[in-house]
Chemist: 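To start, I am sharing the structure in question, which I have written as structure tokens.
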Protein chains: 4
Amino acid sequence: MPKVGMQPIRRQQLIDATLAAVNELGFAEASISQIAQRAGVSTGIISHYFQGKNGLIEATMRYLLQQLGKSVAEIKSQVNDAPEQRLLAIVRGNFTAPQTDKAAMKVWLAFWASSLHQPDLHRLQQINHYRLHSNLKYEFMKKLSKDQAEKAAQGLAALIDGFWLRGALVSGEIDPELPIELCSEYIRQQLK
Amino acid sequence: MPKVGMQPIRRQQLIDATLAAVNELGFAEASISQIAQRAGVSTGIISHYFQGKNGLIEATMRYLLQQLGKSVAEIKSQVNDAPEQRLLAIVRGNFTAPQTDKAAMKVWLAFWASSLHQPDLHRLQQINHYRLHSNLKYEFMKKLSKDQAEKAAQGLAALIDGFWLRGALVSGEIDPELPIELCSEYIRQQLK
Amino acid sequence: MPKVGMQPIRRQQLIDATLAAVNELGFAEASISQIAQRAGVSTGIISHYFQGKNGLIEATMRYLLQQLGKSVAEIKSQVNDAPEQRLLAIVRGNFTAPQTDKAAMKVWLAFWASSLHQPDLHRLQQINHYRLHSNLKYEFMKKLSKDQAEKAAQGLAALIDGFWLRGALVSGEIDPELPIELCSEYIRQQLK
Amino acid sequence: MPKVGMQPIRRQQLIDATLAAVNELGFAEASISQIAQRAGVSTGIISHYFQGKNGLIEATMRYLLQQLGKSVAEIKSQVNDAPEQRLLAIVRGNFTAPQTDKAAMKVWLAFWASSLHQPDLHRLQQINHYRLHSNLKYEFMKKLSKDQAEKAAQGLAALIDGFWLRGALVSGEIDPELPIELCSEYIRQQLK
DNA sequence: AATGAATGAGTCTTCATTCAT
DNA sequence: AATGAATGAAGACTCATTCAT
């Protein structure tokens, strides 16, 4: 077993274990010993790599944000410049695996809730919040007035987050088709 | 000091204290000693009235649900039978104080997140979830086909919850006007 | 077993246990579980009464200071107003049980050392330090000039603390007679 | 990077780092990672050179003892055989830099306290204790009876250690002049 | 020679719960 | 009805040590 250069490996290993633990046990029960156990390492290693639990939690949320950003970017890269296409790409990016995994949704919800009382997480969450809004607004402004675009962006962002939230709270797995269809319809209505 | 009939008073006192504690400290930090302190009573009393912390939490969530139900019912009672009016009333009920208090939103979000891993809370949350959906669907079905009504209800429910979620996560206070306006527009579009 | 009014009893019980643990194990090894074990209570009770280990440590040092103050005051009350008598009383107070217990000396030394890096303890220790000096100086000034009294007080204070220190560091029990005799001689020399 | 002959360099480097860490953080907080950090090496190296933390601590105390021995020997070598001169030289040696550095005093005090519960350190400390006493007694015996010399040595040793202790505990820097003056006076009184 | 990855025991603290009064 | 004393498990974190490289 290698003894040097383990940092990136272990960090990802621990982030994955954190996601697994939060998904299985919930945020409150995701103790460092549960996380360490899932990663197959000792508890001490968490402080070694993340300077404590908070560091790991923050790194995990940052990872989720990156994944979401990648999902959206990837789908956007496959469409042309038409606003409708690009808006739909953003929607699809938000409703594509791994974003629609029950696990990921539960973790997101847990993070959102705990971000209300943890400045570090709150900052990260705000970035995500505004990124979605400004991305949508940017596209809407290609066809709508600033005022209309602002409203359309707010509405679509709410629709996306609302489907997400209801998806997270509901029991079974998520079918991303209905949200995408309804968002698509919303976009068409707004651009009309 | 009264020795009888304290039950309803103490229970409400403790529920209010729970809401205050969750709002100020977050769900994770709302310990029973913090709650008891805010209620001005001893910790032991909580078990006496609620058989433990879980009982208190569940009672608090139940109370929030009742409040929301009341809000909606009250506004609905003021409008005529026109579906558009009644749908808008439901929306308004969801965006009326105390539902749009920052405090209430934070507490709701905390409950939602923790409901994912606590069967008792989950059951309560599901009731709320489906109540909104079926109320909306019921109204939409007066004018739309079952299939269309289902979709419209899903969309409007997502829009409502999405505005709520984004309102809870954002820093400042909430202006309920924009959500109501956009929901109203959405309703008109669907009923057209 | 009584369930109310335990505070003073438990506090003293825990202070005694702290002294015992520091004496037997040393400051570094005197963990709260060791202390709780010696007091025959659970660890949680320490936070209940002292808000954490630091609170207990500080209370224990405060107790030692009170005991020392009492020892000195008691012996001083038995002598007349002659400076020589009163100075000797202060010396005797510093070398009377329980001050000369091996246990107490070890605890004192441990506190002194740790006070160098703990503001709360440092403050307490400084009080003790200056109290001895000013008490001695006050008596010397009845017969000596201010300048001479200052030096005499410094010398006698050093002699007292030096005997204490060497007593603490040496293996066997302490015979308080020699320190008292040599301090007594020192006092006579200074007052001559 | 040299691969041989590093032992004496590294050892001294680590001892210096230990003194720095104990001075800055206190004995309790002087962890090996703090020490290693100050020495600019990895933690593993400590075990390599000193077989564990205890070995490093002991070596550090041994180093301090050597320094003290050197200080005294050097000053003694500059005076003639007159007991008064030689006693004063011992006193001066004890109150010469680096012995009166605030840092050194804090480290000494920390070592003394921890020596009470660590046999290895205790042994070293005892050597120091008796060395001072016997050195003093040896000189006093040139002019006094064995009994008188014993007492004089005990008193002077206490005076020296007492000034040291009070110097260590007091806030500001130490002025070695007053201790030396008062010790000098004490010597004269005893030899009279 | 030197690193730093990894361990796991140990520390303090917090907390929900129980119970005698 | 109400208190608050007491428990003990569980939490995060620190640390000296070991070891593969």
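Please read these numbers as outputs of a predicted model, since none were measured by experiment. Below, chain A is the first sequence line, B the second, and so on; all start at residue 1.
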Chemist: Base, sugar-phosphate alone, or nothing: which one does D:Tyr49 contact when heavy atoms must sit under 4.0 Å apart?
Modeler: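 Touches sugar-phosphate only.
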Chemist: At under 4.0 Å between heavy atoms, what does C:Gly44 touch on the DNA or RNA strands: base, sugar-phosphate, or nothing?
Modeler: base
Chemist: Which comes earlier along DNA chain E counting from the 5' end, the contact point of A:Gly40 or that of B:Ser33, where each point is its nearest nucleotide?
Modeler: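 Mapping each residue to its closest nucleotide by heavy atoms, the 5'-most match is A:Gly40.
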Chemist: Using atom CD1 of C:Ile32 as one end and atom P of E:dC12 as the other, report the distance to the nearest whole Å.
Modeler: 5 Å
Chemist: Round to the nearest Å and state the distance from A:Lys53 atom NZ to E:dT13 atom C1'.
Modeler: 15 Å
Chemist: Would you say the side chains of D:Asp16 and D:Gln12 form a donor-acceptor pair under 3.5 Å?
Modeler: yes
Chemist: F:dA6, OP1 or OP2 - any side-chain N/O from C:His48 closer than 4.0 Å?
Modeler: no
Chemist: Can you measure A:Gln34 atom CD to F:dG11 atom P for me and round it to whole angstrom units?
Modeler: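 Distance, rounded to whole Å: 7 Å.
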Chemist: Given F:dA6, E:dT3, E:dA6, which nucleotide is nearest the side-chain atoms of D:Ser42?
Modeler: E:dT3
Chemist: Would you say the side chains of C:Arg62 and C:Gln66 form a donor-acceptor pair under 3.5 Å?
Modeler: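 Per modelled atom types, C:Arg62 and C:Gln66 side chains form no pair under 3.5 Å.
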Chemist: Any strand counts, and the cut-off is 3.5 Å on both contacts for Watson-Crick or G-U wobble. Which nucleotide pairs with F:dT14?
Modeler: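 Its partner is E:dA9 (Watson-Crick or G-U wobble, both distances under 3.5 Å).
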Chemist: Could you check how far CG of D:Leu14 sits from C1' of E:dA1, rounded to whole Å?
Modeler: 13 Å
Chemist: Given that both distances must come in under 3.5 Å, which nucleotide forms a Watson-Crick or G-U wobble pair with F:dA5?
Modeler: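 Pairing partner: E:dT18.
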Chemist: Take D:Glu58 and D:Lys53 through the salt bridge (charged side-chain N to carboxylate O under 4.0 Å, His left out) test and state the conclusion after the steps.
Modeler: CA-CA 9 Å; D:Glu58 188 179 328; D:Lys53 190 185 184 185; over 6 Å; no
Chemist: Would you say D:Arg10 places a side-chain N or O within less than 4.0 Å of OP1 or OP2 belonging to E:dA1?
Modeler: no
Chemist: Given E:dT7, E:dG8, E:dT13, identify the nucleotide with an atom nearest to the side chain of A:Val41.
Modeler: E:dT7
Chemist: Classify the nucleic acid contact of A:Ser31 as base, sugar-phosphate or nothing, counting any heavy atom under 4.0 Å across all strands shown.
Modeler: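 It contacts sugar-phosphate atoms only.
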Chemist: Would you mind reading off the distance between A:Ile9 atom CD1 and F:dA20 atom P, rounded to a whole angstrom?
Modeler: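 Value for this atom pair: 18 Å.
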Chemist: D:Asn54 has an atom CG; how far is it from atom C1' of F:dA16, in whole Å?
Modeler: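 D:Asn54 atom CG is separated from F:dA16 atom C1' by 10 Å.
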Chemist: Under a 3.5 Å distance rule, please check whether A:Gln13 uses its side chain to pair with a backbone N or O of A:Ala39 as donor and acceptor.
Modeler: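 Flag set: sc A:Gln13 to bb A:Ala39 pair under 3.5 Å.
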Chemist: Whole-Å distance between E:dA1 P and D:Ile46 CD1?
Modeler: 15 Å
Chemist: To the nearest Å, how far apart are C:Leu56 CG and E:dC12 C1'?
Modeler: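 For the pair C:Leu56 CG and E:dC12 C1', the rounded distance is 12 Å.
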Chemist: How about A:Gln7 and A:Arg11: does a side-chain donor come under 3.5 Å of a side-chain acceptor?
Modeler: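 No, no side-chain donor-acceptor pair sits under 3.5 Å.
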Chemist: Report the nucleotide, chosen from F:dC15, F:dA2, E:dA2, that has the shortest atom-to-atom distance to any side-chain atom of B:Ile45.
Modeler: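 Among the listed nucleotides, the one closest to the side chain of B:Ile45 is F:dA2.
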